[in-house]
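Right, one structure below, let's go through it.
Reminder, nothing fancy here: chain letters follow the sequence lines and each chain counts from 1.
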Number of protein chains: 2
Amino acid sequence: MAKTKDYKHFCAAARSLEVIGEKWSLLIVRDLLRGPQRFSDLLRYLNSITPKWLTARLRDLEEAGIVKRDAQEGRREVWYELTEAGRDLEPVVESLVVWGIKHAMRPPLPGERVHSDIILQGLVVALNRRLLAWPDNPVTWVFRFGSDEAHTLRFDGQLWSAHPGADDGADVVIESDPERLANILTAPSDERGGLPEGLTLKGDTQKATEFGAVFLAG
Amino acid sequence: MAKTKDYKHFCAAARSLEVIGEKWSLLIVRDLLRGPQRFSDLLRYLNSITPKWLTARLRDLEEAGIVKRDAQEGRREVWYELTEAGRDLEPVVESLVVWGIKHAMRPPLPGERVHSDIILQGLVVALNRRLLAWPDNPVTWVFRFGSDEAHTLRFDGQLWSAHPGADDGADVVIESDPERLANILTAPSDERGGLPEGLTLKGDTQKATEFGAVFLAG
DNA sequence: CTGAATCCGACACGATACTG
DNA sequence: CAGTATCGTGTCGGATTCAG
């Protein structure tokens, strides 16, 4: 791999980029940070990658000790997961998310795939880096997308975290669809104000108001 | 720019990579983080880049609002410096340095250019992230490379920082050359022990011992 | 259906030389 | 000093095909 990715520098940043600077590599890591995934899961999340390049990148990452391939006998799928070196890349992905939120986000374009997991991952980073206002007290928000997909966002008083599935003790339940939520989150603040179409809030009135103050305020 | 760097994801990390994911971009930012540089400075630091691609990347970064080009009338040189968005990339570069130090460093290869500034930048990151032992008290180390190049590394009790030039109040003066220092820092710990050839320590005996404990211990 | 491999074309990039 | 110009190679996208 990486015949052209050769910087000839004695520099840790250059070395890192030689290893994970190819196209798609860091986005594969981003998806595997949520947990082990199958080849076809990655194919779906990465959206516009071709199977050929997903295969190539996974081989590279495996060789670099970042990804572990788990192909068990008598099972159709192959699972991929991060090694410790792979999990150590989380700060890199997170710093890219922080910069992207501040300097490069825009509403989703027509052909752009919007995954709810990715939105929630960005939300957690934005909240923990205090790029959005914080509620005063611990709170649990459940996001429902259609009938079969739900995520829980929880603030324990110190940090925010996201969890797959709907938590029972939700203070507020938000129902929407990923595209709509993406558009709301990237709307310029002067276009905000009040409850947008395609998003409904249920639950404790005061907690719902608090949610609105964080996300829907002008 | 970036016709092929198009991920079609609604994702902040993917957006960031669309902007600064091309080859060389982040290394140009790395060098500009030290301060404004001329075209030829960058050409020298980036070592194996060609003028054509340095021009292309600088134009891209300028268009992306990361770099500002400063060409004044009646002056031969053109200076490049980071905008605020560019300086906001420091955490990205730093996270790459941290990962690289832990997972990808090795002694410099034959054709590899070793810049003292880059070594010192890596040292500051490694010390501040506590990847190396810390002295108990504030200390100032001056590194001399040959007769005309010197850097000061200072610990104020809280954080480490690097400064160009030799500080007067040095507790310890280290004399070496960049290649030698690079080899020492990347040597496996079982090959360390005592003072290596090609490196001399001067100054307060106890402070020199302390330096040795951080860098030269087995 | 999953996890690939193959062929082809576009363009990103490297190497070298040259210019204002 | 700060770039252009030219030419060759490598990386990647797109489509199709293939084995378990």
Between [N] atom [atom2] and [X] atom [atom1], what is the distance in whole Å?
X	N	atom1	atom2	value
Asp60(B)	dG3(D)	CG	P	14 Å
Leu43(A)	dA4(C)	CG	P	11 Å
Asp41(B)	dA2(D)	CG	P	8 Å
Phe39(A)	dG3(C)	CZ	P	7 Å
Glu22(A)	dG13(D)	CD	P	12 Å
Lys5(A)	dC13(C)	NZ	C1'	10 Å
Trp79(B)	dC1(D)	CH2	P	12 Å
Leu42(B)	dG3(D)	CG	P	10 Å

> Counting distance only, does the side-chain N/O of Gln37(A) pair as donor-acceptor with the main-chain N or O of Gly35(A) below 3.5 Å?
Replying inline: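 Such a contact is found between Gln37(A) side chain and Gly35(A) backbone.
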>> Please check this pair: side chain of Ser16(A) against backbone of Trp99(B), looking for a donor-acceptor N/O pair closer than 3.5 Å.
In response: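 Judged by distance alone, no pair lies under 3.5 Å.
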Would you mind classifying the nucleic acid contact of [X] as base, sugar-phosphate or nothing, using non-hydrogen atoms under 4.0 angstrom?
X	value
Arg69(A)	sugar-phosphate
Arg44(A)	nothing
Arg59(A)	sugar-phosphate

Would you please classify the geometry between the [Y] ring and the [X] ring as parallel, tilted or perpendicular, with 30° and 60° separating the classes?
X	Y	result
Tyr80(A)	Phe39(A)	tilted
Phe215(B)	Phe143(B)	perpendicular
Trp160(A)	Trp141(A)	tilted

Using a cutoff of under 3.5 Å, can you pull out all pairs of nitrogen or oxygen atoms linking the protein to nucleotides 14-20 of chain C, with atom names and distances?
residue: dG14(C); atom: OP1; partner: Lys23(B); partner atom: NZ; Å: 2.7
residue: dG14(C); atom: OP2; partner: Trp24(B); partner atom: NE1; Å: 3.2
residue: dG14(C); atom: N7; partner: Trp53(B); partner atom: NE1; Å: 2.9
residue: dG14(C); atom: O6; partner: Lys52(B); partner atom: NZ; Å: 3.0

>> Does atom CG (Asp168(B)) have a neighbourhood of more than 12 heavy atoms from anything else shown, all under 6.0 Å?
In response: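 No, CG of Asp168(B) has 12 or fewer neighbouring heavy atoms, counting only those of other groups under 6.0 Å.
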> Salt bridge check: are Arg144(B) and Glu175(B) linked by an N-O gap of less than 4.0 Å?
Replying inline: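 Here Arg144(B) does not pair with Glu175(B) in a salt bridge, since their nearest N and O are not under 4.0 Å apart.
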> Should Arg87(B) and Glu84(B) count as an ion pair when the cut-off is N to O under 4.0 Å?
Replying inline: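 Salt bridge absent between Arg87(B) and Glu84(B).
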>> Let's see if you can work this out: which of dG3(C), dC12(D), dG3(D) has an atom nearest to the side-chain heavy atoms of Val78(B)?
In response: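 My answer, after comparing the listed nucleotides, is dG3(D).
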> Once you build an axis from the first five pairs and another from the last five of the helix from dC1(C)-dG20(D) to dG20(C)-dC1(D), how far apart in angle are they, to 10 degrees?
Replying inline: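 Taking the rotation axis at each end, their angle is 30°.
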> Using a heavy-atom distance cut-off of less than 4.0 Å, which residues of residues 25-38 of chain B contact DNA chain D?
Replying inline: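 Hits under 4.0 Å, by residue number: Arg38(B).
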> Considering the options Val139(A), Asp167(A), Leu127(A), which one meets the side-chain contact (heavy atoms from CB on, under 4.5 Å) requirement together with Leu153(A)?
Replying inline: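 Option passing the side-chain contact (heavy atoms from CB on, under 4.5 Å) with Leu153(A): Leu127(A).
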